[in-house]
K.L.:
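Below is one structure. I have some questions about it.
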2 protein chains.
Amino acid sequence: MPEPNQELVLDRLIHEPGRLAILTVLSSVKSADFVFLQRTTGLTKGNLSSHLTKLEEAGLVQIEKRFVLKKPNTSVELTKVGRKRIAEHWSRLDRLKNLAQPHPQE
Amino acid sequence: MPEPNQELVLDRLIHEPGRLAILTVLSSVKSADFVFLQRTTGLTKGNLSSHLTKLEEAGLVQIEKRFVLKKPNTSVELTKVGRKRIAEHWSRLDRLKNLAQPHPQE
DNA sequence: TCAACTAGTTTGTACTACAAACCTGAGGAG
DNA sequence: CTCCTCAGGTTTGTAGTACAAACTAGTTGA
């Protein structure tokens with residue numbers, strides 16, 4: 001039983017490339033709509049849709065659907081929890097990365 | 001058809017948490033053995049074994065098996081390609097992360 | 001002789017990401 | 001009207017895969 005260093009465990013829900021991209025983009029804006037997210041992440045509509053559903057079920061994002069100019073418009077923003085979790089994920093990645101240059105003193 | 005920004009596409013083979021840990025650890029040393037990798041990554045033997053097999057098949061690591069003190073000893077090191085790919089992966093992650101603070105001028 | 005340990009490998013299954021098919025309402029064109 | 005096509009999504013079937021658990025094989029100790 002090696003102690004698994006809990007500080008480094010990566011959450012697959014967040015780590016998945018598509019969702020990591022979505023959450024990272026969202027962390028830089030108040031909110032974004034479906035079409036914008038599709039452009040910035042490069043995901044297909046289908047995959048973006050199902051990733052967003054997962055993220056919503058997990059409580060990481062909040063989704064609002066309305067009609068704008070008679071077209072459906074899906075607006076997404078991070079929840080407080082989501083904002084915290086994506087920041088934490090990036091800092092875990094940093095810690096992992098820094099394992100690679102650990103030759104400081106001695 | 002949004003242009004998927006090829007510079008940001010993450011390779012799932014490398015991105016998977018267990019393998020990302022293995023490759024990152026390996027990138028800081030000349031070589032490491034099975035037991036050392038198990039301790040540093042926190043993976044179980046079974047999972048470490050199958051991840052190493054995948055990485056070897058992909059040409060990212062080179063594995064040598066011998067007996068040391070009458071015990072089996074599996075020594076792993078990055079190939080040239082592997083070293084390049086893990087470095088590239090981390091720089092893609094950096095670029096993704098930096099999408100999140102893009103408010104420079106204007 | 002047999003139990004337990006080290007150092008791994010193999011296997012069965014439960015999950016899940018993706019592509020492709022589908023849905024729904026809004027404009028045109030004729 | 002009736003038919004097309006488009007925008008903006010959602011649902012579904014399947015192929016792939018990560019993991020836990022079971023297994024293997026050689027060593028040491030009692």
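What you see is a predicted model, and the numbers here were worked out from it, not measured in a lab. Chain naming here is simple, since letters A, B, ... match the order of the sequence lines and numbering starts at 1 in each.
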K.L.:
Take the protein atom CZ of Phe36(A) and the nucleotide atom C1' of dA7(D), then report the distance between them rounded to whole Å.
P.N.:
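Going from CZ in Phe36(A) over to C1' in dA7(D) covers 19 Å.
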K.L.:
Between Thr44(A) and Phe67(A), which is nearer to the 5' end of DNA chain C once each is assigned its nearest nucleotide?
P.N.:
Thr44(A)
K.L.:
Under the side-chain hydrogen bond (donor to acceptor under 3.5 Å, both in side chains) rule, collect the residues that match up with Thr53(A), sequence neighbours excluded.
P.N.:
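Applying side-chain hydrogen bond (donor to acceptor under 3.5 Å, both in side chains) to Thr53(A) gives none.
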K.L.:
Roughly, in whole Å, what's the span from CG in Leu43(A) to C1' in dT10(D)?
P.N.:
15 Å
K.L.:
Among dA18(D), dA17(C), dT28(D), find the nucleotide with the atom closest to the side chain of Glu16(A).
P.N.:
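For the Glu16(A) side chain, the nearest candidate turns out to be dA17(C).
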K.L.:
Would you kindly give the CG-to-C1' distance between Leu13(A) and dA17(C), to the nearest whole Å?
P.N.:
13 Å
K.L.:
Would you tell me if any nitrogen or oxygen in the side chain of Arg12(B) comes within less than 4.0 Å of OP1 or OP2 on dG16(D)?
P.N.:
no
K.L.:
Who are the side-chain hydrogen bond (donor to acceptor under 3.5 Å, both in side chains) partners of Ser75(B), not counting sequence neighbours?
P.N.:
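Expected list: none.
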K.L.:
Sequence neighbours left out, what passes ring pair (Phe, Tyr, Trp, His ring centres under 6.0 Å) with His15(A)? Give chain and number order.
P.N.:
His89(A), His15(B)
K.L.:
With a 4.0 Å limit, can you tell me whether His51(A) has a side-chain N or O closer than that to the phosphate oxygens OP1/OP2 of dT16(C)?
P.N.:
no
K.L.:
Test question: given the 4.5 Å side-chain rule for I, L, V, M, F, W and Y, name all other residues clustered with Val35(A), or answer none.
P.N.:
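Direct or chained contacts put Val35(A) with none.
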K.L.:
Does a side-chain N or O of Lys54(A) approach OP1 or OP2 of dT16(C) to a distance below 4.0 Å, or not?
P.N.:
no
K.L.:
Spell out protein contact along nucleotides 2-10 of chain C as letters: B when the base is contacted, S when just the sugar-phosphate is, - when no protein heavy atom is under 4.0 Å; keep the 5' to 3' order.
P.N.:
----SBBBB
K.L.:
Whole angstrom is fine here: how far is it from CD in Glu57(B) over to P in dA18(D)?
P.N.:
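My rounded result for the distance is 12 Å.
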K.L.:
Rounding to a whole Å, what distance do you find between Leu69(A):CG and dC6(D):C1'?
P.N.:
16 Å
K.L.:
Mind calculating the distance between CG (Asp11(A)) and P (dC19(D)) to the nearest angstrom?
P.N.:
13 Å
K.L.:
Calculate the interatomic distance between Ile22(A) atom CD1 and dC18(C) atom C1'; express it in whole Å.
P.N.:
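Checked: the CD1 to C1' distance equals 13 Å.
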K.L.:
Looking at Asp94(A) and Lys97(B), is there a salt bridge between them, counting it only when a charged N and a carboxylate O are closer than 4.0 Å?
P.N.:
yes
K.L.:
Charged N to carboxylate O under 4.0 angstrom, Glu88(B) versus Lys84(B)?
P.N.:
no
K.L.:
Excluding sequence neighbours, so at least two apart, what forms side-chain contact (heavy atoms from CB on, under 4.5 Å) with Ala87(B)?
P.N.:
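Ala87(B) satisfies side-chain contact (heavy atoms from CB on, under 4.5 Å) with no residue once adjacent residues are dropped.
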